[in-house]
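Single-structure report; data block below.
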Amino acid sequence: MTQDARLVVVSNRLPVVLHRGRDGWTVGPGAGGLVSALGPVLAHRGGLWIGWPGVAAEDAGELDRAVAETTGDYGLATVPLGRGEVDDFYYGFCNGVIWPLFHDLLGHCDFNPRFWRAYLEVNRRFARVARAHARPDDFLWVHDYQLIHVAECLRSEGDQRRVGFFLHIPFPPLDIFLNLPWRAAILRALLAYDLIGFQTGRDQRNFLDCLRRLLPDIELSRGGGLVTARLGGRDVRIGTFPIGIDYDAFHGEAASAAVAAREAALRERLGDVAVLIGVDRLDYTKGIPERLRAFQDALERHAELRERVILIQLLVPSREGVPEYQKLKTRVDRLVGAINGRFGTPSWVPVHYLYRAVSRTDLLALYRVARAALITPLKDGMNLVAKEYCASQRDGVLVLSEFAGAAAQLRGGALLVNPNDIEGVADAIRGAVHMPEDERRARMRRMRRRVRDEDIFWWVDRYLRAAADRELADLRGPAEYLPRVDYPPPATEPPSGPSEA
Ligand code: ADQ
């Protein structure tokens with residue numbers, strides 16, 4: 001691949017939103033970090049985006065035409081999926097096997113062989129569409145866990161073009177990965193790429209561990225900022241590329257008059273309380289019940305917080321048809337009810353809970369108003385909310401899970417917590433509420449600088465440079481974050497006197 005080769009992005013979802021009206025499908029632009037980062041690169045170099053339009057359709061032709069007729073800065077090509085495929089591939093394999101397993105949540109996995117077959121078939125289809133649309137010297141950039149097999153499907157057709165892969169979610173440790181019935185196939189499929197990118201050093205280390213243990217013939221070497229894996233005469237580069245956000249857009253918009261007005265209105269209504277926020281897609285990896293229990297514990301043990309803090313928890317509905325997600329919703333509903341019932345007063349409701357997506361203006365106003373953001377996933381590839389909060393804030397506190405990929409970059413300013421340690425998180429909440437302003441500002445300044453310097457455009461550029469040069473001359477990037485084991489001194493001296501031993 002040369003620096004100016006065309007780029008073809010392959011991801012599960014196309015960067016568009018579809019609506020079915022009376023006159024057929026209408027296609028609107030999608031939102032999100034990936035779209036705003038890759039859009040300009042695609043427009044500048046030329047290229048196209050290949051993906052599923054996000055709706056199961058048996059009338060694929062009509063959908064295809066609507067998407068293909070969309071005029072934009074770059075081309076779009078659809079990979080249609082029928083209802084059964086959405087069930088077995090998307091809900092079954094992607095969200096019922098890889099998603100929980102890669103987040104270390106083995107108990108949520110359903111290793112149904114039918115799901116695996118559907119996944120392989122859909123990946124073959126993505127590869128076929130890519131071959132049909134891409135030119136031989138295009139660089140293909142495949143995204144995320146739904147499409148691990150695309151390169152291997154291309155190779156099996158004799159296609160030797162350069163193909164890169166980026167995993168947005170974590171890569172699990174060896175002992176967890178070993179549970180996957182298709183572990184060898186998944187590892188070999190990853191090795192069909194030319195460049196594999198991970199979010200953090202943790203994920204890369206887990207992957208390299210799996211390679212060493214499961215493929216003893218593999219040769220691994222380090223150099224030029226990347227690891228090279230050599231197997232059967234093929235070289236694969238492996239690197240760490242922490243994804244960022246469009247810092248300037250968030251920072252600029254957070255300072256806009258519209259957001260300031262919304263922030264002032266919110267502040268006026270909420271009164272003189274310290275606002276804590278949680279912003280998540282409703283998912284069992286995000287540690288939402290654990291966070292609510294920690295908030296409850298903080299109110300229980302630190303009575304001075306009562307009537308002085310509120311938690312605003314935003315949850316975007318996600319995978320609503322899946323019973324497991326419905327159960328999680330019920331659990332969250334109950335916990336919120338229990339906390340409000342136990343601690344609420346006629347003039348104070350401890351948890352404000354919104355189960356819907358909110359507008360960008362509202363989201364930014366909430367980020368601005370919040371004394372602290374509670375971002376406590378059990379495990380997360382990166383967590384962009386943490387970075388969005390930093391880009392929008394001046395003196396807020398970030399309470400951040402050690403198991404979010406973002407911890408590697410934001411450890412210099414965040415209050416890092418183990419999300420399973422209910423009392424530890426409760427104490428961090430208290431610490432955030434009482435933290436003096438100068439410390440809050442200093443911590444936030446450090447984090448904001450990092451989020452600004454390592455933004456989404458830095459991420460795209462680093463990845464594409466590694467793909468073109470096969471090395472990363474600029475080594476700058478976060479070192480792996482490893483949770484510390486602290487042994488605090490005992491609060492009281494152990495009793496002296498004769499021991500019973
Ligand atoms: P996600 O798991 O979807 O992404 P995340 O990175 O936190 O998680 O992004 C969520 C996005 O949704 C944020 O941009 C946030 O602003 C938005 N959002 C959340 N709640 C909202 C609400 N109520 N209203 C409006 N918007 C809301 C996957 C991985 C992550 C990784 C990303 C990118 O799981 O670990 O960071 O990909 O690589």
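Just follow the structure's listing: the first ligand is 1, and inside any ligand the first atom is 1. The figures here come from the full heavy-atom set of this structure, side chains too, leaving out hydrogens, waters and symmetry mates.
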In ligand 1, the atoms that come under 4.0 Å of a heavy atom of G381 are 35 (O)
Do Y145 and N95 pair up side chain to side chain, a donor and an acceptor below 3.5 Å, judged on atom types alone?
yes
Within 4.0 Å of some non-hydrogen atom of L384, the atoms of ligand 1 are 5 (P), 6 (O), 7 (O), 33 (C), 36 (O)
Ligand 1 to V358, heavy atom cutoff 4.0 Å, flagged ligand atoms 22 (C), 23 (N), 24 (N), 25 (C)
*Are a donor atom and an acceptor atom from the side chains of E320 and Q326 found within less than 3.5 Å of each other?*
no
Quiz item: Cut-off 3.5 Å, side chains only: do D203 and T200 have a donor facing an acceptor?
Solution: yes
Sidechain-backbone polar pair: R448 side chain, S392 backbone, donor-acceptor under 3.5 Å:
no
Flag, side chain of Q199 to backbone of P170, donor-acceptor distance under 3.5 Å:
no
Within 4.0 Å of some non-hydrogen atom of D380, the atoms of ligand 1 are 30 (C), 34 (O), 35 (O)
Quick one about N418 and D421 (side-chain donor to acceptor, distance below 3.5 Å, no hydrogens or angles considered), yes or no?
no
the protein heavy atom lying closest to atom 10 (C) of ligand 1 turns out to be V385 CG2, 4.4 Å
Note: ligand 1 atoms sitting under 4.0 Å from heavy atoms of Q199 are 31 (C), 38 (O)
message = Do Y325 and D283 pair up side chain to side chain, a donor and an acceptor below 3.5 Å, judged on atom types alone?
response = yes
| If only atom types and distance count, is the side chain of N123 paired as donor or acceptor with the main-chain N or O of Q146 below 3.5 Å? | yes
Numbered in order shown, the ligand 1 atoms found under 4.0 Å of a heavy atom of L314 are 23 (N)
One finds that the ligand 1 atoms under 4.0 Å from a non-hydrogen atom of A357 are 22 (C), 23 (N), 24 (N)
Short version for W99: what comes under 4.0 Å of ligand 1, heavy atoms counted, is side chain
Ranked by distance from atom 21 (C) of ligand 1, the top protein heavy atom is V316 CG2, 2.9 Å
### Heavy-atom protein neighbour under 4.0 angstrom from atom 13 (C) of ligand 1
yes
Next on the checklist: Does any N or O of ligand 1 fall below 3.5 Å from an N or O anywhere on I169, backbone included?
Outcome noted: no
- Query: Considering all protein heavy atoms, does one lie under 4.0 Å from atom 23 (N) of ligand 1?
  - Reply: yes
Worksheet entry | Side chains of T376 and R291, donor plus acceptor under 3.5 Å | yes
Query raised in the report: Does a side-chain N-to-carboxylate-O contact under 4.0 Å join R371 and D395?
Result: no
Check: of L363, T200, L167, I245, min heavy-atom distance to atom 26 (N) of ligand 1 comes from L363
Atom 4 (O) of ligand 1 touched by protein (heavy atom, under 4.0 Å): no
Counting heavy atoms under 4.0 Å, the part of I243 that contacts ligand 1 is side chain
Q.
Once you measure the plane-to-plane angle for W116 and F93, does it fall in the parallel (<30°), tilted (30-60°) or perpendicular (>60°) bin?
A. tilted
Checklist entry - Are any of the N or O atoms of F166 closer than 3.5 Å to those of ligand 1? => result no
| Does the pair E85/R125 count as a salt bridge with the N-to-O cut at 4.0 Å? | yes
shortest atom 8 (O) of ligand 1-to-protein heavy-atom contact is with K286 NZ, 3.3 Å
Smallest heavy-atom separation, L48 atom then A77 atom, equals CD1-CB, 3.9 Å
A student checking ligand 1 against V279 at a 4.0 Å heavy-atom cut-off should list atoms 19 (C), 20 (N), 21 (C)
Of Q313, E388, R356, H168, the residue with the heavy atom nearest atom 38 (O) of ligand 1 is H168
query: So, for atom 19 (C) of ligand 1, does the protein have a heavy atom nearer than 4.0 Å?
result: yes
